[in-house]
Amino acid sequence: MELEEMKNVWNKMEEGKKNIPFQISEPSLLEYNKITNIFKIREIIGLVIAYTIAGLVLYNFNNLDNWYLRLFGCALVIYLLIMPIYTLFVTWKIKHIDLVKSNFKNVFEQIYKAKSNLKKAEKISFITSPLLFFASIVVLTKLFTDKNLFTLNIQLPVIFLIVVAFLGAIIFNVWAFKNRDKEFKSVKQLLEDKN
């Protein structure tokens, strides 16, 4: 019976901890802001690059003279316009969590929700990256050389370079996902240590 009482007391203490205000020191708050600013800056740089490429494709859209080139161009532009805004919005939510006025439970719920939303974006990005890589090669080849990639006589060295670039893009994606996970763990650790 004594063990049951201890479990009940422990559960009540845990329940009470969820409702207490989240307390964070000024140096920890500055560290949190520094980490979330890194998230935000990376997403803004990605947004600028994506919108530059999308603008280039839209500006030269009339040069895409076949239906499949236009289809690839549309898919590329739609992806480049939507995904960076979505990830920037999620990182904005992380940056603007009110650590001073929220309770412990609410802060961690918001962080886990943001992390799961970024994981969804990462999965979509990883799944669509082969198609988008192919679409960007086809569209950019047409825009820069005014030649259709499907009608060119592509030699083995060019195919090798395309495969190497594709593998490099996959390695970069994996590295970026792991880096973002490490940053989320550091944010979580910072908030758990200070509370």
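Reckoned from all heavy atoms, side chains included, excluding hydrogens, waters and symmetry mates. Treat the numbers as computed from the prediction; the structure is a model and nothing was measured.
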Rounded to the nearest 0.5 Å, what separates atom CD1 in Ile41 from atom OG1 in Thr36? 9.5 Å
State, yes or no, whether a side-chain contact exists between Phe133 and Ile162 at a heavy-atom distance under 4.5 Å. yes
What's the spacing between Asn117 CG and Lys119 NZ if we round to 0.5 Å? 12.5 Å
With a 6.0 Å cut-off on the ring centroids, do Phe72 and Phe134 count as close? yes
Any side-chain heavy atom of Thr145 sitting closer than 4.5 Å to one from Leu140? no
Pairwise distance CZ(Phe177) to NZ(Lys123) - rounded to 0.5 angstrom: 11.0 Å
Check whether any side-chain heavy atom of Leu143 lies under 4.5 Å from a side-chain heavy atom of Leu64, and answer yes or no. yes
About how many Å separate CD1 of Ile137 and CG of Leu132, when rounded to the nearest 0.5 Å? 11.5 Å
Within the 4.5 Å heavy-atom criterion, are Thr52 and Val48 side-chain neighbours or not? yes
According to a hydrophobic-cluster definition based on side-chain heavy atoms being under 4.5 Å apart (Ile, Leu, Val, Met, Phe, Trp, Tyr only), do Met83 and Phe172 belong together? no
Between Tyr68 and Asn148, is there a side-chain donor-acceptor contact under 3.5 Å, judged purely by atom types and distance? yes
Check whether any side-chain heavy atom of Ser129 lies under 4.5 Å from a side-chain heavy atom of Phe166, and answer yes or no. no
Taking the side chain as every heavy atom from C-beta outward, state whether Trp92 and Leu88 have any pair of such atoms under 4.5 Å apart. no
How long is the gap from CG on Asn63 to CZ on Arg70, to the nearest 0.5 Å? 9.5 Å
Do we see a donor-acceptor contact under 3.5 Å between the side chains of Glu43 and Thr87? yes
Does a side-chain heavy-atom distance below 4.5 Å link Val174 with Lys178? yes
For the hydrophobic clusters of this structure (ILVMFWY residues joined by side-chain heavy atoms under 4.5 Å, transitively), does one cluster hold both Leu81 and Phe89? no
Distance, nearest 0.5 Å, that separates CG of Leu56 from OH of Tyr51: 15.5 Å
Can you confirm whether Asp65 sits close enough to Lys142 that some side-chain heavy atom of one is under 4.5 Å from a side-chain heavy atom of the other? yes
